[in-house]
Amino acid sequence: MITVIRGGAKTPSDIVTETFDGTVWRDVVMPKTDGVNMANVFFNPGARTHWHTHEGGQILLMVAGEGIVADDDGPVHVRAGDVVWTPPGVRHWHGASPDHFLLHLAISLQGVEWHEPVPEDEYQRCGCGG
């Protein structure tokens with residue numbers, strides 16, 4: 001059976017702090033349904049997730065701004081219009097560039113396992129600003 005989820009937030013925006021550094025807002029687009037959840041995530045410049053993995057992988061649709069997505073192989077600069085696929089179990093983090101805001105739609109498949117924060121010096125070495 002098809003389910004239609006009407007536009008417009010049913011829950012208030014929330015600031016996420018436990019697994020993010022910097023100021024990050026999240027608006028739930030679709031609460032967890034059949035192991036999939038979706039959220040718009042707004043990052044202030046320099047804000048980012050902690051390292052984490054997704055049991056079923058993750059799709060990020062870059063909506064506005066510029067940012068960084070990094071795994072153990074290194075960082076990649078992303079911008080509005082880019083789509084990022086992170087396969088199941090790949091350790092990664094993502095967030096805004098030092099001098100840009102970032103908005104992405106995160107589609108997470110199955111569970112997420114959170115790890116350690118990204119140290120400031122590691123973030124700065126990304127060289128993804130500007």
Side-chain angles (χ1 to χ4, degrees):
M1 176 188 302
I2 294 174
T3 301
V4 175
I5 299 166
R6 299 287 176 203
K10 292 182 178 44
T11 59
S13 300
D14 62 326
I15 294 179
V16 287
T17 58
E18 283 186 11
T19 53
F20 293 75
D21 289 316
T23 303
V24 179
W25 289 85
R26 177 179 52 210
D27 286 342
V28 174
V29 173
M30 182 180 84
K32 195 166 191 173
T33 304
D34 296 329
V36 177
N37 64 4
M38 297 171 55
N40 283 317
V41 186
F42 305 81
F43 296 84
N44 276 4
R48 57 200 176 267
T49 69
H50 291 185
W51 284 98
H52 60 285
T53 58
H54 294 271
E55 181 181 336
Q58 184 180 51
I59 301 164
L60 300 174
L61 290 87
M62 303 301 156
V63 176
E66 295 183 17
I68 303 161
V69 177
D71 63 14
D72 288 324
D73 292 331
V76 177
H77 186 209
V78 293
R79 62 181 58 90
D82 292 346
V83 177
V84 176
W85 164 245
T86 303
V90 172
R91 193 175 90 107
H92 68 288
W93 62 268
H94 36 96
S97 296
D99 51 0
H100 288 88
F101 288 89
L102 177 68
L103 164 59
H104 68 47
L105 173 65
I107 303 169
S108 299
L109 309 173
Q110 305 305 321
V112 60
E113 183 177 333
W114 291 100
H115 303 282
E116 73 278 4
V118 177
E120 186 63 28
D121 62 332
E122 182 177 346
Y123 173 78
Q124 292 299 326
R125 282 194 307 268
C126 287
C128 294

#### Entry: Residue pairs passing the side chain to side chain donor-acceptor pair (under 3.5 Å) test where at least one lies in residues 35-44, sequence neighbours excluded
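Not a single pair qualifies under side chain to side chain donor-acceptor pair (under 3.5 Å).
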### Message
Would you call the rings of Trp114 and His50 parallel, tilted or perpendicular, taking 30° and 60° as the class edges?
### Response
perpendicular
What's the shortest heavy-atom distance between [X] and [Y], and which atoms?
X      : Y      : answer
Val41  : Ala106 : CG2-CB, 4.4 Å
Pro75  : Ala70  : CA-CB, 3.7 Å
Ser108 : Gln58  : OG-NE2, 3.2 Å
Ser13  : Trp25  : CB-CE3, 3.7 Å
Ala64  : Ala80  : CA-CB, 3.8 Å
Glu55  : Pro88  : O-CB, 3.2 Å

Atom pair [atom1]/[atom2] of [X] and [Y] - distance to nearest 0.5 Å:
X     : Y      : atom1 : atom2 : result
Ile15 : Phe42  : CD1   : CZ    : 12.5 Å
His92 : Asp73  : NE2   : CG    : 13.5 Å
Asp99 : Glu66  : CG    : CD    : 7.5 Å
Asp82 : His104 : CG    : NE2   : 12.0 Å
Thr19 : His52  : OG1   : NE2   : 8.0 Å

Are side-chain heavy atoms of [X] and [Y] found at a separation under 4.5 Å?
X      : Y     : value
Val69  : Met62 : yes
Tyr123 : Pro98 : yes
Ile107 : Leu61 : yes

### hydrophobic_cluster_shared for Phe101 and Ile68, side chain cutoff 4.5 Å
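Unlinked, Ile68 and Phe101 end up in two clusters.
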### Query
Are Leu105 and Ile59 connected in the hydrophobic side-chain network, where two residues link if heavy atoms are under 4.5 Å apart?
yes
### Message
So, using side-chain hydrogen bond (donor to acceptor under 3.5 Å, both in side chains) as the criterion, who are the partners of Thr86 when residues are at least two apart?
### Response
none
Can you list everything that forms a side-chain contact (heavy atoms from CB on, under 4.5 Å) with [X]? Sequence neighbours excluded, please.
X      : value
Val16  : Asp14, Phe20, Val24, Arg26
Glu122 : Trp51, Trp93, Val118, Pro119, Arg125
Pro87  : Trp85, Val90
Asp34  : none

### Query
Do Glu116 and Arg91 sit within salt-bridge range, that is, some charged N less than 4.0 Å from a carboxylate O?
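Looking at Glu116 and Arg91, the cut-off is met.
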